[in-house]
Structures are given as C-alpha cells and as structure tokens.
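Please read all numbers here as calculations on a predicted model, not as lab measurements.
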Amino acid sequence: MKRDRIVIFDTTLRDGEQSPGASMNTEEKIRIASQLEKLGVDVIEAGFAAASPGDFEAISKIAQKVKNSTVCSLARALERDIEEAGKAIAAAPKKRIHTFIATSAIHMEYKLRMKPEEVIARAVAAVKYASEFVDDIEFSCEDAGRSDMGFLKEIISATIEAGAGTINIPDTVGILMPFEVGRRIKELHEYIGDRAVISVHNHNDLGLATANSLEAIRNGARQIECTINGLGERAGNAALEELVMALKVRSDIYDNVETSINTKEIYPTSRLIASITGIEPQPNKAIVGKNAFAHESGIHQDGVLKHKQTYEIFSPEEIGLDTKDTLVLGKHSGRAAFRDKLEKLGFSLDEEEINRAFERFKELADKKKDIYDDDLRALVTSQMSNISQTWELVALQLMDSTGGVPSAAVTIRKSDGSEYTDAGIGDGTIDAVFKTIDRLTRQHGQLMDYKVKSVSRGRDALASVTVQVAFNEDEPAVIGHGLSIDTMLASAKAYIAALNSYLSMAGMLKKRSDADNCSTV
Ligand code: KIV
Ligand code: ZN
C-alpha cells in the first residue's frame with residue numbers, strides 16, 4: 001500500500017528555545033541543526049530571524065550548513081519580519097518562510113486590536129510578500145484551537161490563493177481534547193482537499209500534545225510540528241520522539257503513513273539537547289527518560305528476563321540507546337577505539353575535532369578509571385559548545401572556608417595569550433569564584449540558576465555544572481556548562497563558558513520589542 005509521508009517539522013530551535021532557560025548560542029544551534037538533519041527531520045525551524053541579530057546570525061549559519069532538510073524561519077505577518085526571514089535563509093538549498101497571525105476572537109480583539117477582515121488582508125499580504133523570497137510558504141493561524149471554523153476557512157482559502165503551500169492549525173494554548181482536534185482537522189481536510197498540506201502544532205498544557213497530533217494525523221494532517229524532549233513555550237510542544245515512536249510501534253493503526261526519521265538517532269539527539277540546554281527530560285518521560293526502560297518490580301524483571309516483550313513494547317536499540325555497551329574506554333584505550341565509540345554515539349567530527357576530543361579524553365582518563373557513554377557525550381558536547389573562547393580558565397585555588405571567609409584565587413587566559421590572576425572573597429565559595437572572575441574580566445554577572453549533576457556513576461564521577469547568568473539587565477541570560485571531576489572547577493568553567501557565550505553574542509542577544517500592531521511569539 002502506498003503510504004503518505006508525514007512531514008516532521010522540528011521547532012526545537014524556535015519554540016523549544018522559548019522554554020524558560022533554554023537559550024542556546026550560535027555554535028550550539030548549528031550543532032543541533034546538524035543533528036536534526038542526521039535524525040532525518042524534513043523541516044528545521046531554525047529560529048525567528050527578526051527577533052534579534054543573534055537569531056538572524058544563527059539561522060543564516062544553519063542555512064549555509066544544512067543541505068538535506070528544509071531550513072525555515074518564523075516571521076510575523078509583517079514586511080520587516082518576512083524580509084529578515086528571507087535574507088536569513090537565503091543560502092539554504094531548501095528553504096521556507098513560516099508566517100503567522102492570530103485568528104481567534106480573543107487574540108484579534110485584545111492583542112492585535114484588528115478587525116477580522118484586516119487580519120485576512122494582513123495574512124494575504126504577508127504570504128504574497130514571502131513569495132518574493134521563497135516558493136515554500138507556511139501560514140499559521142495562531143490560536144486556531146479557539147478560532148471560529150468559518151473564519152478559519154476564510155483565511156485559509158485566502159492564504160492558499162496567495163501562495164501558502166502548508167497551512168498550520170496550532171492549538172497555541174493547549175486546550176483541545178483529541179476528539180476535538182480530530183473533528184476540526186477532518187472538517188478542514190475536507191474543505192482544503194489537496195490545495196495545501198495541513199499541519200498541526202500542539203502545545204502540552206493539558207498533557208495532550210502528542211495524543212492530539214496523532215489524532216490529527218488520523219484525520220488528514222500531513223505535517224506535525226514538534227520538538228525534541230517536548231521542549232517549548234510553557235508546558236512545551238508535542239515531543240518528536242513520542243510521535244515518531246507511536247507511529248512506528250502502532251503501524252498497525254497508522255498503516256497509511258510513514259516518516260523519514262532514523263529512529264536510531266532519537267536518543268543521541270535527546271542527549272544532545274539535554275546537555276546543551278541543561279534541561280533534562282523527567283526520569284519517567286516516555287521514550288527518552290532515564291527510566292523509560294528500567295524494570296523495577298520483581299515480577300516485571302522476571303518477565304523481561306524470560307522474554308523481553310512481556311513488558312517492553314520496543315527495544316532501546318531502536319532509538320539508539322545501547323544498554324549493553326555503556327562501560328567504555330579507559331586510560332589505555334587508543335585513538336581508533338575512541339573514534340569508533342564517538343561514531344557509535346552519533347557524533348560525526350572532523351579530524352581536528354577528534355584530536356581535541358581525544359586530548360581531553362586522555363586528560364580525563366588520567367583522573368577517572370572508567371569512562372562511560374554519558375561521560376563521552378558530555379565531553380564532546382561541552383567541547384562543541386565552547387568554540388568561541390575569549391577567556392579560558394588556567395588555575396583555580398580555593399581557601400578553606402570552614403569558619404573563615406571563603407576566598408578564591410583565579411588565573412585566566414585571554415584569547416590573545418595574556419594571563420591574569422586575582423583573588424577575592426565571597427559569601428560562599430562559589431560566590432568568591434564568580435566574583436573574582438567578574439573582577440578579572442570587568443563584567444558583572446547575575447547568577448540566575450545553578451545546577452550540578454553527576455554525569456555517570458562512581459565517586460570519581462564527572463560533575464556537570466550548568467549556570468544561567470545575566471551579564472546585562474537588558475538582555476536575556478545566557479547558559480554556560482562546565483565539566484570536571486572537581487565541582488568547583490566545573491562551576492568556574494561553566495561561569496566562564498557563559499561569559500564567552502555572552503561576549504560572542506554581544507549586542508546580538510537583545511530581543512527586538514516593537515509596538516507593531518501584530519502578534520508577538
Ligand atoms: O503556538 C503557536 O501558535 C506558535 C505559532 C507561531 C505557530 O508557536
Ligand atoms: Zn507554539
């Protein structure tokens with residue numbers, strides 16, 4: 001039987017980045033886009049070009065790098081937004097502009113302060129203008145879940161006529177039940193026919209984003225917008241891994257559709273996103289949570305030992321999680337074994353990157369007996385995130401704080417090779433370290449969040465520290481990661497990584513706020 005292709009539209013870099021605390025720097029975004037391409041997603045929504053110069057830069061670089069997936073930028077239904085989107089994606093072999101405007105009565109009246117006919121005119125003008133830059137245009141009816149069906153049909157017809165090839169029906173506030181989504185999509189599918197592809201974009205406010213997207217597919221939707229680990233605004237978006245695995249595991253029901261996703265790249269992609277954003281999926285998260293394949297009760301363990309499928313509906317290997325092979329390398333492992341392991345973990349590095357990673361691996365192996373898959377993932381990911389290094393930590397010495405004043409001596413090196421040393425005190429050891437770094441670099445960081453976790457097991461486990469720091473009150477906080485067996489060293493490295501990220505994006509982080517009479521995302 002001929003199967004319809006479900007277009008997988010990944011918005012981890014746009015809606016996913018709207019998760020509180022999930023901002024990423026340009027290098028991290030490029031790394032994620034390459035991994036999404038490897039995963040096989042059809043469309044990568046790389047960002048919202050007009051939001052800030054930083055977003056624009058990241059999208060342009062992704063457009064230059066990604067060859068197989070379509071690169072897309074979001075744009076409000078405004079000329080300036082569309083122009084920025086068109087310019088940012090210009091270099092991509094396959095490109096799309098995704099423009100939107102709100103269509104629900106509540107949004108039109110209170111947010112846009114526009115009449116329905118003005119909204120239609122604005123949407124049509126936006127789609128027409130987008131066609132000056134690209135052939136592939138998506139139009140979204142923001143808050144479609146609460147929009148009047150008659151009005152939706154009107155604006156959809158007008159925008160298809162103007163040139164939109166994909167019509168997205170978002171449940172922006174995550175309010176719909178699966179049967180309601182099914183009913184709406186069926187009616188719109190009958191109305192639109194083959195004039196455009198119907199897409200859905202479901203938010204997870206009631207925990208129904210995946211169920212709603214699956215119901216949309218049963219009723220004619222052929223594009224699904226989703227994110228890795230279900231990241232996204234508020235409670236997040238439909239999770240790519242859940243959708244793809246549901247379609248695969250229940251192919252008896254979804255026997256008329258298929259996706260292009262290489263499911264073996266799901267787990268590596270999930271780990272990459274978690275380590276870059278510092279947002280771990282909840283342990284019991286479907287498909288990629290730490291416990292997704294853990295069988296705790298005696299009865300279950302007994303069953304699984306006798307026959308895996310008693311309690312396992314798909315194998316961890318299907319998503320690229322190798323449960324048998326987690327103890328990896330040690331001090332005496334060679335370069336070839338190291339390279340082979342990285343490939344198995346889903347990293348495709350060039351020679352220079354492998355050399356740098358191998359050097360770091362050897363340094364680690366001197367201090368840590370067993371190196372696990374998670375250690376390697378963290379090592380390589382942190383190397384990739386810290387490409388633009390203005391500052392580097394050379395040495396850190398801490399004075400005992402028991403009963404005394406916590407103090408730290410720090411030496412750092414600038415990219416031109418000059419070294420600086422200073423010592424300072426603080427309210428606690430971490431405060432002393434961060435304040436001393438501030439003094440040395442003449443910056444003033446406000447620590448917004450601090451997280452430490454052990455990457456693998458054992459007393460010599462690597463500590464992975466993630467900090468979120470605001471260096472300028474007008475700009476969003478940036479994230480930094482640090483990795484070391486020593487938690488304080490990891491903390492200092494994380495703070496410096498955040499500072500480097502801030503400096504590399506200086507002036508580009510500031511989100512544009514304008515008083516345009518249009519939606520903001
Ligand atoms: O949730 C939403 O409506 C969106 C649109 C911009 C597609 O993110
Ligand atoms: Zn959204």
Would Phe293 and Phe314 count as a close aromatic pair, with their ring centres under 6.0 Å? yes
Where [X] and [Y] come nearest, the two heavy atoms and their spacing:
{"X": "Ala461", "Y": "Ser454", "answer": "CB-CB, 4.1 Å"}
{"X": "Thr277", "Y": "Ile479", "answer": "O-CD1, 3.7 Å"}
{"X": "Ala49", "Y": "Asp55", "answer": "O-CB, 4.4 Å"}
{"X": "Leu462", "Y": "Lys368", "answer": "N-CE, 3.8 Å"}
{"X": "Leu440", "Y": "Ile412", "answer": "CB-CD1, 3.6 Å"}
{"X": "Ala492", "Y": "Leu393", "answer": "CB-CD2, 3.9 Å"}

Spacing of [X] atom [atom1] and [Y] atom [atom2] [to the nearest 0.5 Å]:
{"X": "Ile62", "Y": "Leu13", "atom1": "CD1", "atom2": "CG", "value": "5.0 Å"}
{"X": "Gln18", "Y": "Phe48", "atom1": "CD", "atom2": "CZ", "value": "8.5 Å"}
{"X": "Ser464", "Y": "Leu379", "atom1": "OG", "atom2": "CG", "value": "11.5 Å"}
{"X": "Lys493", "Y": "Ile437", "atom1": "NZ", "atom2": "CD1", "value": "12.0 Å"}

Please indicate whether [X] has more than 12 foreign heavy atoms, meaning atoms of other residues, nucleotides or ligands, lying under 6.0 Å from its [atom1].
{"X": "Ile425", "atom1": "CD1", "value": "no"}
{"X": "Lys453", "atom1": "NZ", "value": "yes"}
{"X": "Gln397", "atom1": "CD", "value": "no"}
{"X": "Glu352", "atom1": "CD", "value": "no"}

Taking [X] first and then [Y], would you say they form a salt bridge - that is, a charged N and a carboxylate O separated by under 4.0 Å?
{"X": "Lys367", "Y": "Asp460", "answer": "no"}
{"X": "Glu28", "Y": "Lys61", "answer": "no"}
{"X": "Glu84", "Y": "Arg76", "answer": "no"}
{"X": "Lys248", "Y": "Glu318", "answer": "yes"}
{"X": "Arg377", "Y": "Asp374", "answer": "yes"}

So Tyr450 and Gln468, side chain to side chain contact (heavy atoms under 4.5 Å, CB included) or not? Walk me through it. CA-CA 7 Å; Tyr450 174 91; Gln468 200 188 356; over 6 Å; no
Take Lys341 and Asp373 through the salt bridge (charged side-chain N to carboxylate O under 4.0 Å, His left out) test and state the conclusion after the steps. CA-CA 8 Å; Lys341 188 71 206 177; Asp373 284 3; 3.2 Å; yes
With sequence neighbours excluded, residues passing side-chain contact (heavy atoms from CB on, under 4.5 Å) with Ala92: Ala63, Val71, Lys95
side-chain contact (heavy atoms from CB on, under 4.5 Å) filter on Arg439, not counting sequence neighbours, yields Asp422
Within the 3.5 Å criterion, strictly below it, is a donor on Thr411 or Thr421 matched to an acceptor on the partner's side chain? yes
Given 3.5 Å as the limit, does a donor-acceptor pair link the side chain of [X] with the main chain of [Y], or not?
{"X": "Asn25", "Y": "Glu27", "value": "yes"}
{"X": "Thr227", "Y": "Leu231", "value": "yes"}
{"X": "Ser213", "Y": "Ala209", "value": "yes"}

Mind checking ring pair (Phe, Tyr, Trp, His ring centres under 6.0 Å) for Phe434 and listing every partner two or more places apart, or none if nothing turns up? Tyr495
Applying ring pair (Phe, Tyr, Trp, His ring centres under 6.0 Å), name anything that partners Tyr420, two or more places apart in sequence or on another chain. Trp391
Carefully, step by step, assess Thr26 and Glu57 under the rule side-chain hydrogen bond (donor to acceptor under 3.5 Å, both in side chains). CA-CA 7 Å; Thr26 301; Glu57 190 207 30; 3.0 Å; yes
Only one of Asn237, Asp15, Ile224, Leu240 forms a side-chain contact (heavy atoms from CB on, under 4.5 Å) with Asp10, so which one is it? Leu240
Which is it for Asp416 and Ser418 under the side-chain hydrogen bond (donor to acceptor under 3.5 Å, both in side chains) test, yes or no, and what are the steps along the way? CA-CA 6 Å; Asp416 62 8; Ser418 48; 2.5 Å; yes
Identify each donor-acceptor pair in which a side-chain atom of residues 32-45 lies under 3.5 Å from a protein atom, sequence neighbours left out, and give them as a table.
from, atom 1, to, atom 2, distance (Å)
Ser34, OG, Ile30, O, 3.2
Gln35, NE2, Glu265, OE1, 2.9
Gln35, NE2, Thr269, OG1, 3.0
Glu37, OE2, Lys67, N, 2.7
Glu37, OE2, Asn68, N, 2.7
Lys38, NZ, Gly346, O, 2.5
Asp42, OD1, Arg5, NE, 3.3
Asp42, OD1, Arg5, NH2, 2.5
Asp42, OD1, Ser260, OG, 3.4
Asp42, OD2, Ile8, N, 2.8
Asp42, OD2, Ser260, OG, 3.4
Glu45, OE1, Thr11, OG1, 2.8
Glu45, OE1, Arg14, NE, 2.9
Glu45, OE1, Arg14, NH2, 3.3
Glu45, OE2, His98, ND1, 2.7

Let me have the donor-acceptor pairs involving side chains of residues 283-290, under 3.5 Å, with sequence neighbours excluded, atom names and distances please.
from, atom 1, to, atom 2, distance (Å)
Asn284, OD1, Gln282, NE2, 3.2
Lys285, NZ, Glu241, OE2, 2.9
Lys285, NZ, Glu242, OE2, 2.5

Please assess Arg96 against Phe9 for the test side chain to side chain contact (heavy atoms under 4.5 Å, CB included), listing each intermediate value before the final yes or no. CA-CA 11 Å; Arg96 172 182 294 189; Phe9 177 113; 3.8 Å; yes
